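Since the structure comes first, as structure tokens, the remarks are kept for the end.
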2 protein chains.
Amino acid sequence: MDEGTASVGRPRAFDEETVLDRAVEVFWRHGYEGTSLSALTGAMGINRPSLYATFGSKEELFRRAFARYRETRVAYAAVALELPTAYAVIEEHLRSAVDALTAGDHPPGCLSIQGGLACSPENARVSEFLAAGRAAGEEALERRLARAVQEGDLPPHVDPRALARFVMAVGEGHAVHAAAGATREELHASVDIALQAVAAMSGRTAGAAGAS
Amino acid sequence: MDEGTASVGRPRAFDEETVLDRAVEVFWRHGYEGTSLSALTGAMGINRPSLYATFGSKEELFRRAFARYRETRVAYAAVALELPTAYAVIEEHLRSAVDALTAGDHPPGCLSIQGGLACSPENARVSEFLAAGRAAGEEALERRLARAVQEGDLPPHVDPRALARFVMAVGEGHAVHAAAGATREELHASVDIALQAVAAMSGRTAGAAGAS
DNA sequence: ACCCCACCTTACCGCTCGGTACAAAAAATG
DNA sequence: CATTTTTTGTACCGAGCGGTAAGGTGGGGT
């Protein structure tokens, strides 16, 4: 019944996390449906039966890969939430997202989006799964911003949900841009502009927008 | 040698634009790789040889579908560019984009992104093609905003390229959200926030952001 | 009325897909 | 060293993929 440390039998010739990282990269670059089993086994350096014995199926491997991606590549989001002010949280979130989207040691963009925004009907579960992951991040940010409103860090008229959605939308848009080749500097210039909205909402000149 | 009006022989039993609109919808909902020939012919109401005789291949059909999508569904972007001020251009662009992203008579989201952000290597041309389409829209907006700077409508320190990129990124983020089920009202609330950045940049309180 | 020719229908092509059966191979156990 | 247990490599499975060949079908032109 004890799991994890199988002692008897032939030991594995690969490290599970290592090959999982390879799978992350392939899914990241080509999406769920754009990634074939052959591409996976080729990149992971293992063969098909090993993959299935370890991960169960292509879809389960993808779920594992996405979980590992969030742990290893989106950790910055949790770090940003710890900062003391809403402005700092949002700036850190967007800045480190841009840095992650344009780092050279992995595919550009974001697995949450490139993994499969739209899929064939039989793979609809995959896009729903990814959307749920993004929604979870947005809710965490929303809670943090709601706290900022309660603490008086943001004015009471600010809607934390809308602001969280705006920040996530900007990040997702940057992911789309990064996937298409935008540079780090270009995206930071866009962050500059997004932050002006946050600054305006943070009380300095609230209501400056001309919209009714 | 005259094209377009084939007079001899059996006439087509379908209208080319009508079946193309059906193809747009299927690609829009399931992406390029998530759409099979069977799904296409089923939705278009024609059979495979008719499709190939008319459109050449799946990829060419997609290109035609994307062109038609831009003509019929993204016409609002060109309309927005005609408005007199940069603020109005941006607001109209984002507002009508949200309305288009959440209209009930077609799939939610945006074909440019759902069509295939990441594809398998053999379909890489498709995602490049879509990215080129998005870049074209961004450049058109950039030119319009550059004109606004020249006219004094935007302050001289505003970078039209960065602002256009920001606006497009927000729109793309909204497309991702819409594909995941965000409502029209939710996205308009995000537009409200984005417009605060534009208002701040438009001269009222430029430099309010604390970022260095 | 005839013929013609493009279109529609059916059935099929080679290929790759995700997934698996089976036996050789390799370490721990006795 | 034989046995056990697990992994590995190879070779294969049915199904669906994108794309096509060939003949029946039906609305023109003359």
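Atoms considered below: every heavy atom in the structure, side chains included; atoms not considered: hydrogens, waters and symmetry mates. Keep in mind that what you see is a predicted model, and the values were worked out from it rather than measured. So you know, we letter chains A, B, ... as the sequences are listed, proteins then strands, and number each from 1.
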**Request:** Look at A:Tyr52 and C:dT20 and indicate whether a side-chain polar atom (N or O) is within less than 4.0 Å of OP1 or OP2.
**Result:**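 Answer no for this pair, as no side-chain N or O of A:Tyr52 is under 4.0 Å from OP1 or OP2.
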**Request:** For a side-chain hydrogen bond (donor to acceptor under 3.5 Å, both in side chains) with A:His177, tell me which candidate from B:Glu172, B:Arg134, B:Arg165 qualifies.
**Result:**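 Checked B:Glu172, B:Arg134, B:Arg165 against A:His177; only one passes side-chain hydrogen bond (donor to acceptor under 3.5 Å, both in side chains): B:Glu172.
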[X] [atom1] - [N] [atom2] separation (whole Å):
X        : N      : atom1 : atom2 : answer
A:Glu33  : D:dG18 : CD    : P     : 11 Å
B:Leu51  : C:dC7  : CG    : C1'   : 14 Å
A:Glu122 : D:dC17 : CD    : C1'   : 11 Å
A:Glu16  : D:dT8  : CD    : P     : 11 Å
A:Glu60  : C:dG18 : CD    : C1'   : 14 Å
B:Asn123 : D:dG18 : CG    : C1'   : 11 Å
B:Leu61  : D:dG18 : CG    : P     : 11 Å

**Message:** Classify A:Thr35 by what it touches in the nucleic acid, base, sugar-phosphate, or nothing, heavy-atom distance under 4.0 Å.
**Reply:** sugar-phosphate
**Message:** Would A:Leu163 and A:Ile90 count as a side chain to side chain contact (heavy atoms under 4.5 Å, CB included) here? Give the steps.
**Reply:** CA-CA 10 Å; A:Leu163 184 52; A:Ile90 291 171; 3.9 Å; yes
**Along DNA chain D (nearest heavy atom to each residue), the more 5'-positioned of B:Glu59 and B:Pro11** =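 Closest to the 5' end, via its nearest nucleotide, is B:Glu59.
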If only atom types and distance count, is the side chain of [X] paired as donor or acceptor with the main-chain N or O of [Y] below 3.5 Å?
X        : Y        : value
B:Glu186 : B:Thr183 : yes
A:Trp28  : A:Ala23  : no
B:Lys58  : B:Thr35  : yes

**Prompt:** Considering heavy-atom distances to DNA chain C, does A:Tyr32 or B:Ala53 have its closest nucleotide positioned more toward the 5' end?
**Reply:**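 Its nearest nucleotide lies further toward 5', so the answer is B:Ala53.
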**Request:** Could you list by number each residue of residues 37-49 of chain A showing a heavy-atom separation from DNA chain C of less than 4.0 Å, or answer none if no residue does?
**Result:**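 DNA chain C contact set from residues 37-49 of chain A: A:Leu37, A:Ser38, A:Arg48, A:Pro49.
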**Quiz item: A:Arg10 side-chain donor-acceptor pair to D:dT7 base, under 3.5 Å** = yes
**Item:** Polar pair under 3.5 Å, donor/acceptor by atom type, side chain A:Arg12, base D:dT7
**Value:** no
**Request:** Name the orientation class of the two ring planes belonging to B:Phe27 and B:Phe62 (parallel below 30°, tilted from 30 to 60°, perpendicular beyond 60°).
**Result:**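 Perpendicular: the ring planes of B:Phe27 and B:Phe62 meet at over 60°.
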**Message:** Using the side-chain heavy atoms of B:Ser50, tell me which of these nucleotides is nearest: C:dC8, C:dG18, D:dT6.
**Reply:** C:dC8
**Asked** Distance only, no hydrogens: is a donor on one side chain within 3.5 Å (strictly under) of an acceptor on the other, for B:Ser96 and B:Asp99?
**Response** no
